[in-house]
2 protein chains.
Amino acid sequence: MTTMTDVARAAGVSVMTVSNVLSGRRRVSPETRERVLRAVAELDYQVNLTARNLRYGRSGSIALLVPQFDHAYFGALGARVARAIADLGRQVVIEQTTASPEGELSALSLARLHMYDGAIFSVVGLREAELDRIRDSIPIVLLGEREVPARFDHVMMGNVEGARLAVRHMLDRGSRRVLIAGGQRGQDALGMSRARTLGWLRAHDEVGIQADESLILHMTQLDIAHARRAVAAAVAADPGIDGVFGVTDDVAIGALAGLRDVGRQVPEDVQVVGFDNLEIGAHIYPELTSVDPSSDWIVDNAVRLLQARMGDDPPSEAEHLVSPVRLVERGSTRD
Amino acid sequence: MTTMTDVARAAGVSVMTVSNVLSGRRRVSPETRERVLRAVAELDYQVNLTARNLRYGRSGSIALLVPQFDHAYFGALGARVARAIADLGRQVVIEQTTASPEGELSALSLARLHMYDGAIFSVVGLREAELDRIRDSIPIVLLGEREVPARFDHVMMGNVEGARLAVRHMLDRGSRRVLIAGGQRGQDALGMSRARTLGWLRAHDEVGIQADESLILHMTQLDIAHARRAVAAAVAADPGIDGVFGVTDDVAIGALAGLRDVGRQVPEDVQVVGFDNLEIGAHIYPELTSVDPSSDWIVDNAVRLLQARMGDDPPSEAEHLVSPVRLVERGSTRD
DNA sequence: GTGAAAGCGCTAACAT
DNA sequence: ATGTTAGCGCTTTCAC
């Protein structure tokens, strides 16, 4: 391992001069500079960022903590955050949180945060009490469809409104028995499933239809394969179902497959709407009507809040934002 | 920022004792231990991993460098690597290199590698000469469909064989004009596009059909939207096309949409095969026949090689592995 | 079982 | 324009 001292010796200068050449923080005469750079090249020297960071007290990089890498939504989120953060001249590093045995808040993960100048934390499986354990060691902005301690900046999707729009759209177009795949009973709007189920209820109220709670299909996992099986089974058991609101696009895509499996036509027999507006939805058949959660808006705001909190005088009040949503109408619902 | 010194003072012990309690590297009497832990809890102390790593000379975490986050294949790769690495008691951190040579090899990125104990590097846009500039500062295993300097461990997909299987499958089922969407002319098998185009050629040779080079559809970007437009245009211009091999599943999914756009039935009029066997392919309509590149095999081997290289006596010879491939037959091709 | 000193590789602050 | 000193927060080494 070559260090700055090695380079200094090779170039016949002091370490400080090498440091200055490499960081560009002080003027160095062209000849000295030249000699240093030659030594750097010759020894193939690379600065040790761990040491530099320890000295600086910051790292220049920001963490994005997501529950799963292999999920289109988080992939898109990562790409968006990376783009926004790159504009700030910083680097993004993604860490997966649920891979660790203890979960999102293992002592290690928590300590790891110190290695970053800030973090955007997509919370999913975390209870509020656990979240509360996070100290303000570094600036953190939370993303995710659940309530969080008030002291954190938080950006979430317009879950209730988005679900209301989606279900209303189907009810307005003739559906009467709209299954909510991935929904969850309960009156409060704590988690994503409950919030979207609340939107499902609201849409029924608006139209004056009694929502049938047996149409709330709870799912332990919100992936395509599970949704496919669950929806196929639900429709087989209740042939009157003429609409499916998938709480995520993955669930809705699974629903489309499940409906095919039991011989239902979309959108003639059953209309389907998803939530997330993933890119793939515009290219499958039938093309998926979906709630667009304004991902760019979410990321822009998260980055803005993080930047503010990392600045010289961080705001005293935390912001809690809800993204605007809109329905993108495609072929899985009727005109 | 509370440091170990603060904890030591609060507990009335030396920093060394605190360090020993927290790292568990030396025995500490129960009473002292208790006092230290109380102080830690009270001050809400978190070890500074940057400092610890500087001292240790290692970080306990491994980097996965991928070109893009928002790509199903790399998401799945990330999840797989995370799982495999977690079994080793380490953490994975994903960084996006943005596929540009500048992104992949920026001085910063290169220096950043020192912050990790090892790296799995999915190379795409990099020329061999540039790759050669990477020094063996830390153990690195390369992934990716291109030739790399011999001194690196490298795991790649069976590109030629996979493409051959895919195209052979369609030729055997009656297709005569098979478009290769995302292909590239040229005799050598350097990049992914060329390697798969070579497989396309081989399949024709085997069956004794003269491959028509006008069926090699070059694409600058291999995403769904581009593929959709490009394939629709190609089929409109050459109505005799009766098969499409998408060099990736994304391209094939775009092809399915493009074929719908120009009124072609899959698989009756045109058969379609992709490459990657993404999960989504099993759930869209028509379900996508695809080459399975044995992603688990690739990741297991990459992790194994990395572990060997991080061990006490790293192998002197680098390994170059090609994954076994198999065709997964689904509804986008005929029986 | 506990502590003091030294130093990981780097840079800010103070010399020259 | 360059060099010297001190120290970021931690752990290794050597003492007791």
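Every chain is numbered from 1, with letters handed out A, B, ... down the list of sequences.
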Legend entry - Base-contact (B) and sugar-phosphate-only (S) positions in nucleotides 10-16 of chain D, heavy-atom cut-off under 4.0 Å, - elsewhere: BBBBB--
Legend entry - Side-chain N or O of T17(B) closer than 4.0 Å to phosphate OP1/OP2 of dG3(C): yes
Legend entry - Residues within residues 27-43 of chain B bordering DNA chain C, heavy-atom distance below 4.0 Å: R27(B), V28(B), S29(B), T32(B)
Legend entry - Donor-acceptor under 3.5 Å (S23(B) side chain, S19(B) main chain): yes
Inset, instruction - Measure the distance from NE2 on H114(B) to C1' on dC8(C) and round it to the nearest whole Å. - result: 15 Å
Inset, instruction - Just jot down the ring-ring contact (aromatic ring centres under 6.0 Å, His included) partners of F74(B), sequence neighbours excluded, or say none. - result: H71(B)
Inset, instruction - Classify the side-chain pair E95(B)/Y116(B) by whether it contains a donor and acceptor separated by less than 3.5 Å. - result: yes
Inset, instruction - Quantify the bending of the helix from dG1(C)-dC16(D) to dT16(C)-dA1(D) as the angle between its end axes, each fitted on five pairs, to 10°. - result: 40°
Inset, instruction - Taking all heavy atoms of T5(B) and all of V15(B), pick out the closest pair and write down the distance. - result: CA-CG1, 3.6 Å
Inset, instruction - In whole angstrom, give the distance that lies between atom CG of L22(A) and atom C1' of dG9(C). - result: 13 Å
List the atom pairs, donor and acceptor, that lie under 3.5 Å between side-chain atoms in residues 297-307 of chain B and the rest of the protein, sequence neighbours left out.
residue	atom	partner	partner atom	Å
N301(B)	OD1	R304(B)	NE	3.4
N301(B)	OD1	R304(B)	NH2	2.8
N301(B)	ND2	W297(B)	O	2.9

Inset, instruction - Kindly indicate whether a cation-pi arrangement holds for R52(B) with Y56(B), taking the cut-offs as under 6.0 Å to the six-membered ring centre and within 45° of the axis. - result: no
Inset, instruction - Answer yes when E34(A) and R38(A) have at least one side-chain N-carboxylate O distance shorter than 4.0 Å, and no when they do not. - result: yes
Inset, instruction - Heavy atoms only: give me the nearest L54(B)-T50(A) pair and the separation to one decimal. - result: N-CG2, 3.7 Å
Legend entry - Nucleotide dT11(C), atom P - distance to CG of N53(A) in whole Å: 10 Å
Legend entry - Donor-acceptor side-chain pairing of Q96(A) and Q68(A) below 3.5 angstrom: no
Inset, instruction - Flag the pair H114(B) / M1(A) as yes when at least one side-chain heavy-atom distance between them is below 4.5 Å, and no otherwise. - result: yes
Inset, instruction - May I have the distance from L54(A) (atom CG) to dA6(D) (atom C1'), rounded to whole angstrom? - result: 14 Å
Legend entry - Those residues that, when tested against D70(B), pass side chain to side chain donor-acceptor pair (under 3.5 Å) (two or more places apart): none
